[in-house]
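The block underneath contains the structure these notes are about, expressed in structure tokens.
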Amino acid sequence: MLPSETLLILQAASLGALHALIPCAHSWPMLVPFLARGQRATTVAWCFGAGMLVACTAVGLLLGGLASGLSGGWLHKAEEGTGVVLVLIGAVLLWRTRAAHFGHMHGNCETGADSGCEHRTHQSGRFARLGPSAALFALGLFNAVVPCWTSLGAVALAAPAEDEHGALLVLLAFGLSATLCMWAVLFIAARGFRVLERLRSPKTEAWVMGCSGLVMVLSGASLLLHWHEHS
């Protein structure tokens, strides 16, 4: 069996990659307008990712500090409770992938300069006054704090960590994986490949959401059935 910390890190990294691929206002669509303004994909992704990683660090330290104050018995119960939450969330995503957004319409996001991205109300218009890099950093910060299904799953995985170190590593794995995957998507899109058109199709969205649900169900089961070793 894998050590508890290693298994949680791998599960969180999987959720981070899926988080970056889901075509909603928490992922690549809100970064596309920055590409349309001529910014480099690497700059966009890593300024955004820096904000995500700072937020993940803060949340990880907070959760780890709370967990370190629990006795062994309570930590065990927290782990099992987290497993139940993850299984339930994952089951919802597998059962009704489109209903998981509670009716949120994603809209269209094009890469052209004259694009009318329907996600603009979520991001650039509200943060543009900070300047390009600071706006992206702020977006990443809020992206990791405002919950969506995958980030909620990552927080749930960090909750049963035994200390600040474990919870921090779990959430950093989520943030770093999301950043790398988002950078790859933007990098490919900036070179003229039609990757965004494929990602925002209903079939792709349903597939990615279904994968997210499966990861959460398996992660929850691993906590409930203790498929790992505590250090």
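Bear in mind the structure is a predicted one, so any value in this text is a computation, not a measurement.
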Problem set entry | Nearest atoms (heavy-atom pairs only) where L86 meets G220 | CB-CA, 3.8 Å
Exercise. So, do F137 and V54 sit near enough that their side-chain heavy atoms are less than 4.5 Å apart?
Worked result: yes
Exercise. Which distance, rounded to the nearest 0.5 Å, do you find between the CG of L10 and the OG1 of T6?
Worked result: 7.0 Å
Exercise. Please walk me through it: do W183 and T42 pass side chain to side chain donor-acceptor pair (under 3.5 Å)?
Worked result: CA-CA 6 Å; W183 169 78; T42 300; 3.0 Å; yes
Exercise. Are any side-chain N or O atoms of S177 and backbone N or O atoms of G16, one a donor and one an acceptor, separated by less than 3.5 Å?
Worked result: no
Problem set entry | Nearest atoms (heavy-atom pairs only) where C181 meets A17 | SG-O, 3.6 Å
Exercise. Does the side chain of L172 come within less than 4.5 Å of I9's, by heavy atoms?
Worked result: no
Exercise. Once you round to the nearest 0.5 Å, how far does CG of L53 lie from CZ of F48?
Worked result: 10.5 Å
For this session: Kindly give the heavy-atom pair with the smallest separation between A91 and V217, and that separation in Å.
Result: N-CG2, 3.7 Å
For this session: Measure the spacing between OG1 of T150 and CE of M209 and express it to the nearest 0.5 Å.
Result: 7.5 Å
Problem set entry | Rounded distance [0.5 Å steps], CG in L152 versus CD1 in I89 | 4.0 Å
Exercise. In Å and rounded to the nearest 0.5 Å, what is the SG to CG distance from C211 to L15?
Worked result: 11.0 Å
Problem set entry | Worked verdict on M52 versus L141 for side-chain contact (heavy atoms from CB on, under 4.5 Å) | CA-CA 5 Å; M52 275 197 76; L141 199 68; over 6 Å; no
For this session: Looking only at non-hydrogen atoms, find the nearest pair between M216 and G90 and report the distance.
Result: CB-CA, 3.8 Å
Problem set entry | Expected output: side-chain W28 to main-chain V185 donor-acceptor under 3.5 Å | no
Seminar exercise, completed: Of all heavy-atom pairs linking A12 and L157, the shortest is N-CD1, 3.6 Å
For this session: Examine distances only and state if a side-chain atom of T43 and a backbone atom of Q39 form a donor-acceptor pair shorter than 3.5 Å.
Result: no
Problem set entry | Straight-line distance of L168 CG to L62 CG, nearest 0.5 Å | 12.0 Å
Exercise. side-chain contact (heavy atoms from CB on, under 4.5 Å) between T179 and F174: does it pass, once the steps are laid out?
Worked result: CA-CA 9 Å; T179 299; F174 171 80; over 6 Å; no
